[in-house]
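Only one structure is covered here, and it is reproduced in the block below.
In what follows, every chain begins at residue 1, and chains take the letters A, B, ... in the order their sequences are listed.
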Amino acid sequence: MEITMIAGGVVSLSGSLFLLLGALGVVRMPDLFNRIQAGTKATTLGTMLFLAGIAIAEPSWIPKLLLLILFIIFTNPVSSHVLARSAHHTGIRMSDKTVVDHLAKTTEQRGSESLQGDEQEIAAAKSKGGER
Amino acid sequence: MRNWVIVVILLLGTWLLLSADVLMSTTSVAGSIAAGVVVSTAVALLFAGRKMLYKNIRLTPKALVYLLFYPLVFLKALLIANLDVARRVLSPSLPINPAIVEVKTNLISPLGRLVLANSITLTPGTLTVDIQGDSLYIHWIDAVSTDVQSATEKIVRGFETYLEVIYG
């Protein structure tokens with residue numbers, strides 16, 4: 001009982017360490033994409049370890065915690081991907097350190113109408129704001 | 001048929017995990033499991049026909065072994081990813097060299113591509129930004145190479161060898 005509590009605490013603590021590193025990454029990284037990178041990986045493993053620690057301390061909760069871990073593994077990368085994708089589509093500026101952007105080249109070549117549409121919407125929204 | 005069976009198994013698995021503590025303390029375990037089977041089958045029959053997501057999954061012995069083995073490959077990659085991010089975040093000079101590179105995938109099935117994109121997102125320094133056709137656009141925190149061929153080799157190949165066997 002005592003030992004499982006301590007072992008679970010240690011595992012949970014290591015998980016929260018990864019969460020702390022993830023938060024530090026979000027503060028330190030230069031642009032949105034790199035921030036998402038730091039945030040996604042650290043929160044996934046951090047939360048997994050945190051829940052694993054609880055599972056060690058309280059074995060009767062293992063099935064539900066396992067389910068939680070599975071949901072996190074499947075949903076976390078999807079949400080990060082959607083954030084990054086929408087950020088790129090709305091033309092969020094990338095860090096000056098960025099070496100190359102194949103995606104921007106592709107959308108330029110195709111003369112993507114959706115991108116132009118987005119820009120028009122943004123311009124329209126700005127002019128509306130100006131009128132007020 | 002295969003699609004429905006897999007949906008039933010997934011639903012039943014979720015139900016069993018959710019109700020495990022009740023199952024352990026109840027006297028009619030068989031009844032609870034039977035209720036789960038009935039409800040899962042009903043839900044699968046009602047809703048699983050819309051998207052045949054699991055239609056192309058392969059159930060050969062080799063594919064099943066790889067399916068069991070894949071989480072280990074994935075967890076190892078996830079651990080390396082975290083240590084990598086930790087190293088970058090903690091070093092004072094913030095050693096990053098970001099780029100969005102295009103990589104190609106041989107996977108055809110939507111489910112296989114979904115698992116590949118998710119795996120890439122959770123592994124060292126890579127984040128799937130967009131998919132167009134058979135091209136994935138990856139934000140790479142430390143772009144070692146920027147041409148399509150070698151980037152594909154470095155980012156995709158490790159997962160694809162497993163996923164090709166499982167999902168095709």
Handout entry: Proximity breakdown for A:Phe18 and chain B, heavy-atom pairs closer than 4.5 Å
Key = side chain

Practice task
Heavy-atom distances under 4.5 Å only: say whether B:Leu90 touches chain A with side chain, backbone, both or neither.
Solution key: both

Practice task
Starting at NZ of A:Lys64, measure out to OG of B:Ser19 and round the result to the nearest 0.5 Å.
Solution key: 8.5 Å

Handout entry: same_hphob_cluster(A:Leu68, A:Ile56) at 4.5 Å side-chain heavy-atom cutoff
Key = yes

Exercise for the section: Examine B:Val73 and B:Leu75 and state if one hydrophobic cluster contains both, with Ile, Leu, Val, Met, Phe, Trp and Tyr joined whenever side-chain heavy atoms are less than 4.5 Å apart. Expected result: yes

Exercise for the section: Determine yes or no for a side-chain-to-main-chain donor-acceptor pair under 3.5 angstrom, with A:Gln37 supplying the side chain and B:His139 the backbone. Expected result: yes

Exercise for the section: Using modelled atom types only, decide if a donor and an acceptor are shared between the side chain of A:Lys41 and the backbone of B:Thr126 within a distance under 3.5 Å. Expected result: yes

Problem - Atom pair CZ/OH of A:Arg85 and B:Tyr137 - distance to nearest 0.5 Å - result: 11.5 Å

Exercise for the section: Verify, without hydrogens or angle tests, whether A:Arg28 (side chain) and B:Pro92 (backbone) share a donor-acceptor contact under 3.5 angstrom. Expected result: yes

Practice task
Please test B:Phe74 against A:Ile73 for side-chain contact (heavy atoms from CB on, under 4.5 Å), starting from the C-alpha separation and ending with a verdict.
Solution key: CA-CA 11 Å; B:Phe74 171 76; A:Ile73 288 181; 4.1 Å; yes

Handout entry: Heavy-atom side-chain contact between A:His81 and B:Asn118 under 4.5 Å
Key = no

Practice task
Could you tell me whether the side chain of A:Met29 reaches within less than 4.5 Å of the side chain of B:Val89, counting heavy atoms only?
Solution key: yes

Exercise for the section: Taking the side chain as every heavy atom from C-beta outward, state whether A:Pro63 and B:Leu18 have any pair of such atoms under 4.5 Å apart. Expected result: no

Practice task
Pick one of side chain, backbone, both or neither for A:Leu24, based on which atoms fall under 4.5 Å of a heavy atom in chain B.
Solution key: both

Fill in the blank from the handout: Under 4.5 Å to a heavy atom of chain A? For B:Val129 that would be both

Problem - B:Leu78 reachable from B:Leu72 in the ILVMFWY side-chain graph, under 4.5 Å edges - result: yes

Handout entry: From CG (B:Asn82) to OG1 (A:Thr44), nearest 0.5 Å
Key = 7.5 Å

Fill in the blank from the handout: CG of B:Leu17 to CG of A:Leu65, rounded to nearest 0.5 Å, is 10.5 Å

Problem - Structural part of B:Thr14 lying under 4.5 Å from a heavy atom of chain A - result: both

Problem - Residue pair B:Val85 / A:Leu21, side-chain heavy-atom distance below 4.5 Å - result: no

